[in-house]
Every structure is written in C-alpha cells, then in structure tokens.
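From a predicted model like this one, the values you see are computed outputs, not experimental measurements. Starting from 1, each residue takes its place in the sequence as its number.
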Amino acid sequence: MKTLSRSALALPILFAAPAAAQEAAPLLHPMFQDHGVLQRDRPIAVWGDAPAGERIEVTLGNRKVQTRAGKDGHWRADLPAMPAGGPYTLAVATRGGKSARAEDIMVGDVWLCSGQSNMEYPVSGVLGAAGEIGKANDPDLRLMTVEKKTSLNPERQFATPVQWQRTTPDTIREFSAACYFMARDLRASQKVPMGLIDATWGGTAIDAWRPESALAKDPTAAQDLALLRTFRTDPAQASRLFGERWMAWYRGRSGDAAGAEPWQAEAPGDWQPLPSFDPWEKWGVADLAEYNGMLWYRTEVTLTPEQAAKGATLALSPADDMDASFVNGVPVGVTYAWGVPRLYPLAPGTLKAGRNVIAVGVLDTWGEGGLTGTADQRAIRFADGTSVPLAGPEGWRWRRAPAGVGDPPHAPWEAIAGFSGIYNAMIAPIGPYGLRGAAWYQGEANAGSPGGYAGKLGSMMTAWRGQFGKADLPFLVAQLSGWGPRVPKPVESGFAQIRDEQRRAVAADAHAALAVTVDIGDVVDIHPANKADVGHRLARGAEALTYGGKASPSGPWPVEARYEGAVVRVRFTGADKGLVAYSAAQPIGFELCGAAPGSCRFASATLSGNDVLVTVGTGAADRVRFCWGDSPICNLYDGTGLPATPFELPVR
C-alpha cells in the first residue's frame with residue numbers, strides 16, 4: 001500500500017453512488033450551516049430544495065428575500081451584498097411550514113483550496129507542527145473539508161456530510177497547511193472573517209478536476225469523452241472498447257505477437273509461482289526489491305455450465321497502483337487507484353463452462369506495488385448472491401513485463417486520473433457559493449505527460465469561474481516544488497515542463513498569480529514539510545490580485561529573450577527591488593538549447609539591471625531555459641526574496 005511521508009493522506013476510492021440517491025435533498029443546502037462564512041461585497045446566493053412551486057422566504061440579519069421552488073424542486077434566492085461582519089442567523093421558511101436555520105454566520109472572504117497531495121498536506125506534518133497547532137485559535141477563521149468522492153455525473157449534494165468549523169488546535173490539525181498559512185497571512189492584513197474550503201485529493205490528475213463542459217471543448221479529449229458517455233450506460237461495453245485500445249498499446253510496447261500476450265489462455269513465458277499477496281518488494285526476489293514497473297498475475301477457476309451462464313462480477317483485491325484485468329482473454333476492467341478492491345462486471349459470454357483464465361497486469365509507479373489484500377476479496381461473484389473463490393497464492397503465477405513498457409493509457413472513468421469524476425462529486429456540489437478566490441496546487445500527477453497542461457489548467461479555471469458566477473475570480477497557482485536527484489548536466493524533466501506550463505497558463509490569465517516554490521522543495525520527499533512559505537507566497541499573490549497590494553504577485557517574470565551579439569538578453573518584469581543572485585557573483589541555472597531535444601548546455605550569465613545576459617559561446621541558441629530539472633539549484637531572486645520562476649523561452 002502507498003504511504004506518503006509525513007502525511008497520512010486518504011487513499012483513492014471508486015465512483016460513489018449519486019448523493020441524491022442516498023438521502024432526501026435538504027431545504028437548505030449543506031453549504032449553509034452553523035459557523036459558515038458568506039462572501040462579502042457581492043450578492044449572496046442561497047439555495048436548497050422544496051416541493052415544486054413552494055414559496056420560500058430567506059432572511060439574513062435584516063435582509064429578507066422571497067423566491068419559489070421550480071418544477072424540479074430546486075430553489076435559489078440572492079440576498080443583497082453585505083460588508084464584512086456578523087455573527088448573523090440565516091433562516092429559511094416555506095409557506096408550508098418547513099424551516100431551517102444556520103447560526104453564527106459571518107460575512108467575509110471565502111477561499112477554495114484544491115489540488116493534489118501538496119495542497120492536501122496537513123498542518124500536522126509541517127515543520128514545527130506542534131507549535132503551529134498549539135496557537136491555532138481563531139474563531140473568525142472557519143474551515144470546511146470536502147471528503148474524497150467521485151461521481152459519473154455532476155452532483156448537487158455532497159455524498160458525505162460537510163461541516164463548517166471554527167479554527168482550533170483540533171480542527172486545524174488535518175486541514176490543508178498551505179491553505180491555512182495563506183489565510184492566516186490574509187487574516188492579519190485584511191482583518192475580516194474568512195472561510196476556507198479544503199477540496200483536495202492526493203495523486204490526482206487535472207482531468208479529474210475539469211468539468212465535462214471544459215473537456216467537451218478539448219479536441220484531444222473527444223475519444224475518451226465518448227467512451228465515458230458509453231460507460232455511464234454500458235460499463236461492460238466501454239471496458240471492452242477501452243481494453244482493446246489498452247491491448248494494442250501493450251503489444252506495441254512489449255513486442256508480443258497477437259495471440260501470445262499474457263492474457264491469452266496459453267500465454268508463453270517464464271511464469272513463476274506466486275510467493276504471496278504481499279507487495280512484491282517483500283517477496284525476497286532480488287530483481288523486485290525496488291522494482292517500479294509492470295508484473296502479470298494469472299490464475300484459473302473451473303465453473304459449471306450453470307455458473308458460466310449467470311450474471312457475474314470479477315472481484316479482485318487492491319492493486320497498487322494500476323491494474324488491467326482480463327477473463328479468458330477479454331478485457332474486463334482497468335483501474336488506476338491504490339488501496340481499492342476491484343469489482344468488474346462481466347459481459348454475457350465472458351465466462352465458460354470448465355477452465356477460465358484470469359490475468360491481471362499490475363503497474364507500480366513508486367513505493368510498494370502488487371496485487372495485495374485478503375482472500376475474501378478475490379472471487380467470481382454471481383448475481384444470485386453465490387460466489388466461487390479464486391485460489392490462494394499457490395494457485396497463482398507471475399512474470400515481469402518487458403522493461404520499458406511505460407505508463408499505459410488511462411480509462412476516462414478512473415477515480416483519480418479519469419474525466420471529471422472528482423469535479424462532479426467534490427466541486428460541483430459547492431454550487432454557486434460566493435468565493436473571493438481559489439488556490440490550486442497540483443501537477444505532479446501530470447508530470448509523466450506534461451504536454452498540454454497549460455491549456456487544461458486554463459480551461460479548468462474558466463469552467464470553475466462559470467460555476468461560481470465570477471468571470472474574474474482570482475486563481476492562485478502553486479508551482480511544483482523541487483523533488484528528485486540533482487544532476488550535473490542538462491536533462492529533460494516532466495516536473496520542469498509542468499512548471500513552465502503553469503507559468504504559461506498564468507501568463508495568459510489576467511486574474512491568476514503564480515506562487516513559485518521550486519526552491520522550497522525536498523530532494524528526497526515529494527511532500528516538502530515547509531508549507532508555511534508556500535502559504536506566504538500564495539497570500540502575496542492574493543494581496544496583489546484582490547486586495548490592492550503593491551508588490552508583484554509572483555516575483556521575477558521572464559518576458560522575452562533576444563540575441564544581442566555574443567549574448568542572449570533575457571528581460572524580466574516583477575523584480576521588486578531588482579534582481580539579485582544569492583551566494584554567487586552571477587546567476588546560475590541558465591541553459592541554451594538548439595531546436596532538437598537533448599541539445600541543451602549550461603551557460604554562464606550575468607546580471608544587467610532587471611535583465612540577465614546569457615553568454616552564447618559555441619552552439620545553437622534557439623531556446624533559453626532557466627532552473628530546469630526535477631530538483632534544480634538556482635539562485636536568481638528579487639530583492640524581496642522571491643525566486644524567479646523556472647521557464648523556457650524561444651530566442652528571437
């Protein structure tokens with residue numbers, strides 16, 4: 001099972017049942033409850049559910065409005081804008097005699113904090129955690145955490161109850177550290193009540209957070225979006241179609257001939273007895289002690305003609321990280337989620353009387369890997385409630401996939417790397433709740449395929465703004481921190497490319513700011529414990545975007561790179577108090593590159609006011625890069641202590 005250092009982050013789960021099916025929709029939506037914070041200085045949307053046509057009266061302090069439930073039973077009222085203050089009582093009453101109240105409501109600023117594990121990383125894991133938790137007593141800083149869920153469709157209600165809470169040592173302990181430190185700075189400068197919404201999930205890719213409306217405008221998503229729509233009505237058919245694509249990918253990478261793949265009934269190869277259902281790093285096999293890659297598992301089960309004719313599901317124990325599963329050579333399911341049992345419906349005709357072969361390809365990308373779990377999780381389960389257990393370890397065999405197979409395609413319904421599932425269950429239910437802005441810290445999960453990330457991030461920001469009814473809603477984007485081994489020569493880096501994609505997305509958006517964090521990472525821990533500085537830099541961006549702050553939001557920002565004789569001049573803006581080079585007479589970390597990949601070389605550079613002059617020397621200089629790599633060492637800052645953002649620019 002995956003473990004994340006210094007942070008007990010929750011594991012992924014599969015698609016949840018629609019919230020509406022779990023309980024009746026409440027008169028007053030759960031976003032509105034005791035201790036909540038409403039956004040100041042803009043009309044306040046309030047909503048809920050009531051019988052169709054029912055008249056509703058909404059009161060907040062001395063403001064009162066009336067509305068009527070629509071034919072669908074949904075209602076919404078918009079109260080007049082209010083300045084910061086409180087506490088107030090929010091009351092809702094119907095003409096039919098039903099009522100709901102929320103007490104101790106404050107009006108101030110509301111921030112949504114979202115992304116993957118570095119935004120999820122809790123206060124309990126930061127440097128000096130005990131001291132930070134001990135002094136966390138702020139009754140006017142309110143917290144809400146959205147639990148991890150997914151859904152195939154946008155939900156109006158949360159699948160798991162949410163709750164507004166005042167900040168205390170107990171409530172802040174497992175709350176997002178970066179979000180909390182950002183808000184603490186803003187509380188000190190703005191002196192208004194604040195509400196923080198923590199909607200985060202470690203290991204998740206950006207497409208899981210993009211609503212379908214954004215994906216529908218992305219030509220690269222068209223094929224998978226069509227497949228997702230098939231999955232909603234016919235999961236077995238969608239799994240078969242995706243499985244065919246997955247099989248073609250595997251054959252292309254492995255070199256296996258059609259009919260000789262590991263999922264075939266008589267698959268050739270060096271199959272070995274399975275030692276156990278522990279992670280393969282614990283099998284005592286030297287080649288697997290630190291193995292990240294794909295292994296195949298196989299077993300057989302014998303069924304009677306009556307059993308083979310029944311509706312059935314293949315149940316498997318958790319696979320870490322991803323599995324692709326086959327029954328009698330037929331693809332039945334692919335899941336990218338660790339710590340989660342698999343349940344794959346089998347299309348009629350998949351099972352046969354007599355011998356049935358089950359093959360599971362398990363891909364591990366980091367940490368421990370393998371097919372794990374307990375014996376009761378592995379079975380053929382029939383629609384009539386009966387089941388046939390699968391064999392214990394003695395009935396399974398394994399073999400390694402060829403080296404270099406790589407990262408397989410992802411099914412669009414996957415919990416953490418698919419399309420819209422997390423948005424549907426964790427962001428959509430927030431509805432049009434008034435926000436001051438959003439803070440976003442994500443990208444590690446996309447570093448394996450970084451191309452196009454800027455467009456994805458831009459489309460997500462636009463779509464979220466549409467939901468929250470504010471076209472200029474500020475977005476604070478935390479750039480990826482440094483992580484991984486340092487290198488003595490220029491290299492290609494997915495992390496570096498994501499940083500540059502984040503920079504370009506922010507550069508194209510007048511209402512976004514970048515918090516550069518490459519210098520506060522940890523070479524051995526993807527979850528650096530210094531989240532206080534992340535929060536400080538997010539707060540600085542918020543000050544500049546929303547509160548009239550005079551400091552630049554993101555620090556030194558590259559504008560252009562031009563040839564000037566024997567040098568390339570890189571011009572910067574946003575360098576408050578000028579550019580400085582720490583611990584050296586000149587800035588380091590600059591590279592010049594030709595047009596082709598692998599053509600980059602380190603280049604010496606000097607400061608010239610708010611420009612950097614990079615010496616061309618010998619070789620082409622079509623591109624200039626700065627601070628490139630997973631965990632680079634760079635020393636270019638401005639006079640206020642903000643680092644220059646990593647970047648790649650064409651040389652004009």
Verify the distance criterion only: is there a donor paired with an acceptor across the side chains of Asp170 and Thr168 at less than 3.5 Å? no
Measure centre to centre between the rings of Trp483 and Phe495, then say whether the value is under 6.0 Å. yes
Do Asn446 and Lys456 pair up side chain to side chain, a donor and an acceptor below 3.5 Å, judged on atom types alone? no
Give the intermediate values and the outcome of side-chain hydrogen bond (donor to acceptor under 3.5 Å, both in side chains) for residues Trp209 and Ser114. CA-CA 9 Å; Trp209 297 94; Ser114 191; 5.6 Å; no
N/O donor-acceptor pairs under 3.5 Å from side chains in residues 51-61, not counting sequence neighbours:
{"from": "Glu54", "atom 1": "OE2", "to": "Gly96", "atom 2": "N", "distance (Å)": "3.4"}
{"from": "Glu57", "atom 1": "OE2", "to": "Gln66", "atom 2": "NE2", "distance (Å)": "3.1"}

Using a 6.0 Å distance limit plus a 45 degree cone around the ring axis, check whether Lys531 lies over the aromatic ring of Phe181. no
Going by atom types only, do Tyr547 and Asp109 share a side-chain donor-acceptor pair under 3.5 Å? yes
Going from CE on Met82 to CZ on Arg42, what distance comes out if it is rounded to the nearest 0.5 angstrom? 15.0 Å
In terms of relative ring orientation, are Trp464 and Trp440 parallel, tilted or perpendicular, with 30° and 60° separating the classes? perpendicular
Are any of the side-chain heavy atoms of Arg40 and Pro193 separated by less than 4.5 Å? no
Assess, by modelled atom type and distance only, whether the side chains of Ser481 and Tyr441 contain a donor and an acceptor separated by less than 3.5 Å. yes
Is it the case that Gln33 and Glu103 place a side-chain donor and acceptor less than 3.5 Å from each other? no
Using only atom types and a distance under 3.5 Å, with no angle test, would you say the side chain of Asp104 pairs donor to acceptor with the backbone of Asp34? no
Enumerate the ring pair (Phe, Tyr, Trp, His ring centres under 6.0 Å) contacts for residues 44-81, please, sequence neighbours excluded, ordered by first and then second residue. His29-Trp47, Phe32-Trp47
